[in-house]
Amino acid sequence: MKTNKQNADFLHIGKKLVKWYDRNARPLPWRENRHPYNIWISEIVLQQTQVKQGLGHYLRFIERFPDVQALHSAHEDEVLLYWKGLGYYSRAINLHRAAHQIAEEFSGNFPDNYKDILQLKGIGKYTAAAIASICFEEKTPAVDGNFYRVLSRIFADNFDISDSKAFQYFSDLAILMMPEDQPGEFNQAVMDIGSEICKPKNPLCGECPVNDDCIAFRTGSISQFPVKTKKTKVSDLSLTYFFVKNKNQFLIKQRDSDFIWKKLYEFPMSVPEKWKDYIINSKQITHKLTHKNLLIEINTIEIESEKEFLNFAKDQNYIIVDEKLADEKSFPKPLENYYKTISAPKLGLLPF
DNA sequence: AATGCGGGGGG
DNA sequence: CCCCCAGCATT
């Protein structure tokens, strides 16, 4: 162990965290039992997503897809629909693909150990460890951003969390802290401490069960941890859409490009040159993502000729949506918001 | 090892 | 307005 904290009683601190968790665990729906399917869905939803934001999506997802079989039988589009608004849509696509893997490679039974769980699409080391520890009592540390933050503060550890070796480094540290018989409780304790108490900004150190063990707290240097050197960069992107209407119908298509909004639905990005004379409205929308600043232009076009409209839709494989029959559709948020402002009662028509 | 993927919250 | 948060797959 490459650490200068030889004197720290790692296991003692780990047991304190578990003891705190036993009394203070948040009453979350996926904690009502330890079914690996529910834990799996919750972990995927909660990747890059806060509980407050993901809870509603989790509940609706579980209600519609209560088990592997239900997810396996579903159409990918419908899985995407239930993911609408959560972002990182490849998570939903991989969830669906993993359900097929479980059905075909694991005879419909959720794999019951870290190594097998890791084989599933969309499951990496963190998620595999979380499921293996919570559901199968395997002593695998679920090292994520919370882990980095909590551990680096407790030990005032300068290890750079943007270093590719950080995962192994903090995994080794965590192993020393994990009570042999309660790995799942330990991992969940760190998750809860990290999100509720040891927050990135303005942590509630007064409520922390291990504040007397926390070197950063005792030395007043909480704000210096974790150490992270690399920054994310942002680029600009312009998108032009054509909202093409003929009477009560308009056109959409599922995105084939996956650099953003993977497999969601959008308006045409190009139309016949002469249609541009029929533009009756043009609106600019700005939308900010983590890695992109989007400048979206939406041109509304009224087409008189139904024949011309239908031919274009057929040639370019567009889905024709009737505003009157519309109910729900997986649009990217900026387009959905735009559409709501123009008219129609509801969005899209499900192709399934 | 580096890059890209959403969306929400806070100052 | 700008800043923060950060697993997994792909290359």
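Remember, predicted model here, so these are calculated numbers, not experimental data. Below, chain A is the first sequence line, B the second, and so on; all start at residue 1.
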Checking Asp144(A) against Arg149(A) for the salt bridge (Lys or Arg N to Asp or Glu O under 4.0 Å) test, could you report, in this order, the C-alpha distance in whole Å, the side-chain angles of both residues, the deciding distance, and whether it holds?
CA-CA 9 Å; Asp144(A) 68 347; Arg149(A) 190 171 58 254; over 6 Å; no
Return the residues of [range] meeting this criterion: a heavy atom under 4.0 Å from some atom of DNA chain C. Order them by number, or give none.
{"range": "residues 139-148 of chain A", "result": "Asp144(A), Gly145(A), Asn146(A)"}
{"range": "residues 126-134 of chain A", "result": "Tyr126(A), Thr127(A)"}
{"range": "residues 38-65 of chain A", "result": "Gln47(A), Gln48(A)"}

ring-ring contact (aromatic ring centres under 6.0 Å, His included) test vs Phe155(A) passes for just one of Phe225(A), Tyr169(A), Phe10(A), namely Phe10(A)
Measuring to OP1 and OP2 of [N], would you say a side-chain N or O of [X] lies under 4.0 angstrom away?
{"X": "Trp261(A)", "N": "dG4(B)", "result": "no"}
{"X": "Lys199(A)", "N": "dG10(B)", "result": "no"}
{"X": "Arg149(A)", "N": "dC5(C)", "result": "no"}

Using side chain to side chain donor-acceptor pair (under 3.5 Å), reason through Ser282(A) and Asn299(A) one step at a time and then give a plain yes or no.
CA-CA 4 Å; Ser282(A) 185; Asn299(A) 301 301; 2.7 Å; yes
I'd like to know if the side chain of Asn246(A) reaches the main chain of Gln249(A), judged simply by a donor and an acceptor atom lying under 3.5 Å from each other, with no hydrogens or angles considered.
no
Separation of [X] atom [atom1] from [N] atom [atom2], in whole Å?
{"X": "Glu266(A)", "N": "dG6(B)", "atom1": "CD", "atom2": "P", "value": "12 Å"}
{"X": "Arg91(A)", "N": "dA6(C)", "atom1": "CZ", "atom2": "C1'", "value": "11 Å"}
{"X": "Trp83(A)", "N": "dC8(C)", "atom1": "CH2", "atom2": "P", "value": "12 Å"}
{"X": "Arg255(A)", "N": "dG6(B)", "atom1": "CZ", "atom2": "C1'", "value": "13 Å"}
{"X": "Leu86(A)", "N": "dG8(B)", "atom1": "CG", "atom2": "C1'", "value": "11 Å"}
{"X": "Lys262(A)", "N": "dC8(C)", "atom1": "NZ", "atom2": "P", "value": "15 Å"}
{"X": "Lys84(A)", "N": "dG8(B)", "atom1": "NZ", "atom2": "P", "value": "12 Å"}
{"X": "Phe225(A)", "N": "dC5(C)", "atom1": "CZ", "atom2": "P", "value": "15 Å"}

With pairs taken as Watson-Crick or G-U wobble and both distances under 3.5 angstrom, which stems of at least three consecutive pairs involve DNA chain B?
B:1-5 with C:7-11, B:7-11 with C:1-5
Would you say the ring centroid of Trp30(A) lies under 6.0 angstrom from that of Tyr58(A)?
yes
Could I get the full list of salt bridge (charged side-chain N to carboxylate O under 4.0 Å, His left out) partners for Lys139(A), not counting sequence neighbours?
Glu180(A)
What's touching nucleotides 9-11 of chain C from the protein side, N or O pairs under 3.5 Å?
residue: dA9(C); atom: OP1; partner: Gly122(A); partner atom: N; Å: 2.4
residue: dA9(C); atom: OP1; partner: Ile123(A); partner atom: N; Å: 3.3

The side chain of Lys201(A) is closest to which nucleotide in this list: dC4(C), dA6(C), dG6(B)?
dC4(C)
What nucleotide, of dA1(B), dA6(C), dG7(B), holds the atom closest to the side chain of Ser164(A)?
dA1(B)
My understanding is that only residues two or more places apart in sequence, or in another chain, count here; which of them pass ring-ring contact (aromatic ring centres under 6.0 Å, His included) with [X]?
{"X": "Phe312(A)", "value": "Trp275(A), Tyr318(A)"}
{"X": "His100(A)", "value": "His72(A), His96(A)"}
{"X": "Tyr126(A)", "value": "none"}
{"X": "Phe170(A)", "value": "Tyr148(A)"}

Gln50(A), CD atom: more than 12 neighbouring heavy atoms under 6.0 Å
no
What residue pairs, at least two apart or across chains, pass side-chain hydrogen bond (donor to acceptor under 3.5 Å, both in side chains) with a residue in residues 185-195 of chain A?
Tyr21(A)-Gln188(A), Arg26(A)-Asp192(A), Arg26(A)-Ser195(A), Arg31(A)-Gln188(A), Arg31(A)-Asp192(A), Arg34(A)-Glu185(A), Ser133(A)-Asn187(A)
Any pair with a residue in residues 108-117 of chain A that passes side-chain hydrogen bond (donor to acceptor under 3.5 Å, both in side chains), sequence neighbours left out, goes on the list, sorted by first then second residue, please.
Asn113(A)-Asp116(A)
Same cluster (ILVMFWY, side-chain, under 4.5 Å), Phe65(A) and Leu55(A):
yes
I'd like to know if [X] and [Y] make a salt bridge, using a cut-off of under 4.0 Å between side-chain N and carboxylate O.
{"X": "Lys247(A)", "Y": "Asp322(A)", "value": "no"}
{"X": "Lys276(A)", "Y": "Glu273(A)", "value": "yes"}
{"X": "Glu76(A)", "Y": "Arg97(A)", "value": "no"}

Roughly how many Å apart are dT11(C) and dG6(B), using the P atom of each and rounding to a whole number?
16 Å
Toward the 5' end of DNA chain B, by each residue's nearest nucleotide, Asn202(A) or Tyr89(A):
Tyr89(A)
